[in-house]
Amino acid sequence: MGGYLLKRVVSLLPVLLVVAVVDFIIIHLTPGDPASVILGAQATEEELAKLREQLGLNLPIYIRFFEWIGGLLQGDLGWSIFMDKPVTEAIWEHLGPTLSLTIMAEIIAILFAIPLGVMAANRRGTWMDQTFMTFALLGISLPSFWIGLNLILLFAVQLNWLPAAGYQPISNGLLNHFKYLIMPAISLGIMQGALIARMTRSSMLEVLNENYIRTAEAKGLKMWLVTYKHALRNAFIPILTVIGLSFATLIGGAVVTETVFNIPGIGKLIVNSVLRRDYEVIQGTVLMIAAAYVLINLIVDLLYAYIDPRVRYDKS
Amino acid sequence: METSSVTIATSQPVAPSRHHVRVAMNRFFANRLAVSGSILVLFITLICVLAPLLTSYDPLEMKVQDRLKPPSTSHWFGTDEFGRDVFTRVVYGSRISMGVGFSVVVITSIVGLLFGLYSAYYRRLDNFLMRINDGLMAFPAILLAIAILAALGPKMSNVIIALSVVYIPTVARAIRSVAITVREQTYIEAIHALGGKSWRVIWLHIAPNCLSPLIVQATFIFAYAVITEASLSFLGAGTPPPEPSWGNILNDGRTIMKQAWWMTVFPGLSIMITVLGLNLLGDGLRDLLDPHTNRAKK
Amino acid sequence: MRLGAKEKTAVPLLQVSNLVKHFPIKRGYFQEKAYVKAVSNFSLKIYKGETYGLVGESGCGKSTTGRMILRLLAPTSGSVQYKGQDITHFSDEELRNARKEMQIIFQDPYSALNPRKQIGKAIAEPMSIFNLGEKRQHKQLVLDLLRKVGLQPEHYDRYPHEFSGGQRQRIVLARALAVNPAFIVCDEPVSALDVSIQSQILNLLQQLQEDFQLTYLFIAHDLSVVRHISDRVGVMYLGHLVEEAPTDALFSEPLHPYTRALLSAVPEPNPKKRKERIVLSSEVPSPIDLPKGCVFHPRCPQAIATCKEVVPVLQEMGTGHRVACHLVS
Amino acid sequence: MIHVPLLEVKNLRTTFSTELGQVTAVDGVSFQVDSGETVGLVGESGCGKSVTSLSILRLFRKHSGTRLTGEIFFEQKELLQSSMEELQEIRGNRISMIFQDPMSSLNPVYTVGNQIAESLMLHQKLSKKAAQEKTIEMLTLVGIPSPDKRVNDYPHQLSGGMRQRVMIAMGLCCQPKLLIADEPTTALDVTIQAQILDLMLDLQKQLQMGILLITHDLGVVAEVCDRVLVMYLGQIVEEASVETLFENPKHPYTIGLMKSIPTIDGKRGKKLHVIEGIVPSLHQIPKGCRFAPRCPLADEKCRQHPPDLFEIARLHQVRCWHHERIGVGGVAFGG
């Protein structure tokens, strides 16, 4: 097992390197002089020079890259010009809301997606399967921010049950926290759930056609045992892959949802940094998110080994 | 050999019909998903092309006195806070969404096919390309697009570049996995045995067998691109106002949602119809073009 | 049978000596390198117009050998001579005309044809690869080939999915014949076909051998099929050639214990002849760590001490009957 | 006391709905299997032998639009009408089935021990520990070396031969009265096949079990079966004891099959006998006798009227209008 773990971790290093390079290049694509873009036209020459020096813009690009990487390894993600604090601190402040939003959305998604997907696969061709397919199709066709707007229109404006926007950290009471997060989590969870549900159904259908399922039926096992013991565990491997890969769309969705519901999360931080041209913050947060994605997929890889013995024992 | 699986091994060509196109058409029209999908997509494309004929108003012309009028016979979708006709802006907005979507699909399909094919065929290249691919896929689509647009500035061409960079890895990964299964087929080994050179193997044998999955993947990429473009404009990072795009119309409507419900409903509906049409078409094409999966899904 | 008398004098069309193929397997970064020893110093000679049958159970390395002969797989060591010329280390360019004369047909007819290409074009493709004659003539050549393999001209622009397994094998044969080859490796060509179709293809193979003066290396695991079509037969076990003889000699008095066990295990379609079977115990050992000495000794009913130590060498026991076994020499 | 067979299939008809419309894969098949007897169901691809075996335990996907008519009696119980619960009581307990491809017939993510114990706990209500012991006992019975270690192995760690032994252990752990074996040795090498066939015959004697063996290999039939049913395009064309079938076959298809197989001894002729043409598709079943298009003896009567299964001797039936003219003393077959 250890060998497998080590192999997976080692294979991540080049990916993380690519993530860092891509992240660095994007920000340095800015045509023209970033200093004047940040400070605006009326900045004096000497202010521009100080900023350029501070950003290290006068150094050749590869030197700045290695300096940046050096800083990264010591946990220094750069400095926010706008908020005048280290990027790591800015990220830490905004991490809480995004974490609870994405976790809640993912839980909603998985809780609905997997049972529905399995049931639809089990009753393929019946009306239940058709309605499932239609809802799942709608789910991936509705932009999450539009769902958000409509939820606000209904629950906040018309019925006034829930606050239209804003955020309450857990410290101000769990119920309060939920009140603010339930609508954003639903609007984010629908697309995510639809994606996972469709994958669950097709993966289950694939597995239900396998020979060992027929063997299980030939042994006289009850249908639910065949489905939930024999089929689901095999179907779970591709489902896990989708959950791992869809983490990226989840975070992407979170960025938009936070803007709709005015939640001070990482997404909001990035959007504001873009509008304020706060490059170092954009660079740092985008890097953190990409690194989190790589970590999540490593965990998914390790779960494979737990579920599928062939991965654990890949001797010859 | 007798296959114990239930599929009937018809040992004689079933309907040795001469017109393969006719057979393909029959199967297409029999597929409800593909037909309904293509109807919706065709409908939106027509709106895109015939935009000037559909409305007499100019999408940018402001008439302050008609500010925030509800939907009426003169303004089907009502007017926005500057008195511009929302129906006209939504109709012209379709050009942005479909334009961006289509160009992203063309770019990602071509580049994705190249990356996928060559990384599947040349093992040494594979490792290098796949690491870049995994690296790029680590960035959520919207974030990568936002970062690129922040650097290059919010122009429609930049939006297309940003979205292409975001979706090339997805296409490349899909094509690579198909190309690898094709490369393991015996007819590829046969062409090697016949002295066929690499270009012949790649372009005359592997590529044609990757087209169906490419078409299916492209349809879904089109849908993702439309949604992501709308999200970008909604965040104010995509197509800059006053140019009408569904995303920024929705953004304008967001703050005055209580008074002017029509400003958020209609652009949202158009996004949904377009993306739903594309997803339907994608599902339908996957059943038609990918015999393996449609046997399992039947 | 035709070849009984004169074959030994002529230069062999194909000569393979001490062919070895070890596939490295990647185990973690720290364990030492391990190899699947698929083929170990395999040698044979095949003469013009002859059908050499290579038989053995799955995993014995017969297909790997066939692919190494055609240089579809690079041998770890050993040499392949075609018409006296050593092609083992030929570059792709030099291999081209050798490739023209040496063709291969496969076991699985369902994946041997490109599903997106009409069969007429598929058969014509080798002609354009080796640019034989004008493109205009290709269609006519293909139509002749279709008739020769028992198909109709109107099949020209059909797609592979419209044909049965047997018909596809005929198309694969036509494609191999398109370049007028001298030598064809038939890798289990009838194993995936039904019995009645099998006999049609075997008869076709023999007919084509006469019409085109072809030489076959016929690889299969079905002993009765190999017996029917081969002039000489080689028996392989775990990458080693254990016995080789003219067909009648091998089947009437097999010398190697494994060949005898193999022949006794074949169920005969005749209830009266339910003979006493030599049932080999246990399983075929893994090709990664081969048994020392004779690879068959762990399962051999008559294994003696030397079998466990010394690797037996193929010895001549009579006209062309060679066997690698300590007990027999 | 009238003799009651272990299994009796009467006029079984199995139809599927496919993209190109209804297809009858098994069209009016009737046969019996007794305890201790091995009946062979032989034929080429698409003849319906596998579908027949699957119909007995109704092992078709729920929504595949499969329709089964006719009657199947097993120990005085009619299976086609019995409820799913009743059928599940019988599956793996009174009637067991083993399949062709050992590589994909075992669940890759559970140990072989777990998959065998599952049947024991279900049908014999054994505790986990008792089931584990019985499982090891079964693995020893089917000849798997060091069963106490193998019981915790996963399928991908075993060879094809070993997996087929596990399948047999799984099938026989509840002492079923009938074993249906669908091409059990087709995917195995000939030396391993010999071991598996011997094992099945030994276990049959010990458990006084009936075996329905589905195969396309006439050698295996001759080696193992007592009675044989030859199937062609969904119908039984000849039924006989194994001796009669090989000495005095009466149906042109059976004869054609036997003559087109190369043998391990006997004369090495130049050309093998060939059955002309190819098996017609189930969507275009010929009018009259289904073998007529490929039969050298076919005449107008054969092309117009489908023959019934005539009883020409005790336990010897043939579906052919011209059966008297065929075989020993009758029309000699070409090739």
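Atoms considered below: every heavy atom in the structure, side chains included; atoms not considered: hydrogens, waters and symmetry mates. Chain identifiers are assigned alphabetically (A, B, ...) following the order of the sequence lines, protein sequences preceding nucleic acid strands; residue numbering begins at 1 within each chain. Remember, it's a predicted structure, so these values are computed and weren't measured experimentally.
- Contact annotation for D:M170: only side-chain heavy atoms (C-beta onward) come within less than 4.5 Å of a heavy atom of chain A.
- Taken from CG in D:L54 to CD in A:E217, the straight-line distance is 10.5 Å, to the nearest 0.5 Å.
- Closest approach of D:P108 to A:N234, counting heavy atoms only: CG-OD1, 3.4 Å.
- Surrounding CZ of A:F135 are at most 12 heavy atoms belonging to other residues, nucleotides or ligands under 6.0 Å away.
- Judged purely by atom type and a 3.5 angstrom limit, D:Y110 uses its side chain to pair as donor or acceptor with the backbone of A:K229.
- Atoms CG and CD, from A:L221 and D:E118 in turn, are 4.5 Å apart once rounded to the nearest 0.5 Å.
- Partner of A:K219 under the side-chain contact (heavy atoms from CB on, under 4.5 Å) criterion, out of D:C173, D:S119, D:C174: D:S119 alone.
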**Message:** A:K222 vs D:E85, test: salt bridge (Lys or Arg N to Asp or Glu O under 4.0 Å). Steps then yes/no.
**Reply:** CA-CA 8 Å; A:K222 294 278 180 286; D:E85 285 66 32; over 6 Å; no
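- Neither the backbone nor the side chain of D:M84 comes within less than 4.5 Å of any heavy atom in chain A.
- In this structure, the portion of A:L225 lying under 4.5 Å from any heavy atom of chain D is its side chain and not its backbone.
- No more than 12 heavy atoms of other residues, nucleotides or ligands sit less than 6.0 Å from atom NZ of D:K129.
- In this structure, the portion of D:L122 lying under 4.5 Å from any heavy atom of chain A is its side chain and not its backbone.
- In this structure, CG on D:D101 lies 9.5 Å from OG1 on A:T215, to the nearest 0.5 angstrom.
- When the shell of 6.0 Å around CZ of A:F178 is examined, it contains 12 or fewer heavy atoms from other residues, nucleotides or ligands.
- For the pair D:N107 (side chain) and A:Y212 (backbone), a donor-acceptor distance under 3.5 Å is absent.
- The 12-atom threshold is not exceeded at CZ of A:F112, counting heavy atoms of other residues, nucleotides or ligands nearer than 6.0 Å.
- Scanning both residues, A:N211 and D:S104, for their nearest heavy atoms gives ND2-OG, 2.6 Å.
- Considering CZ of A:R214 and CZ of D:F99, their distance stands at 6.0 Å, rounded to 0.5 Å.
- Most heavy-atom pairs under 4.5 Å with chain A, from the set D:R58, D:Q115, D:M97: that is D:Q115.
- The number of heavy-atom neighbours closer than 6.0 Å to CE of D:M121, taken from other residues, nucleotides and ligands shown, is above 12.
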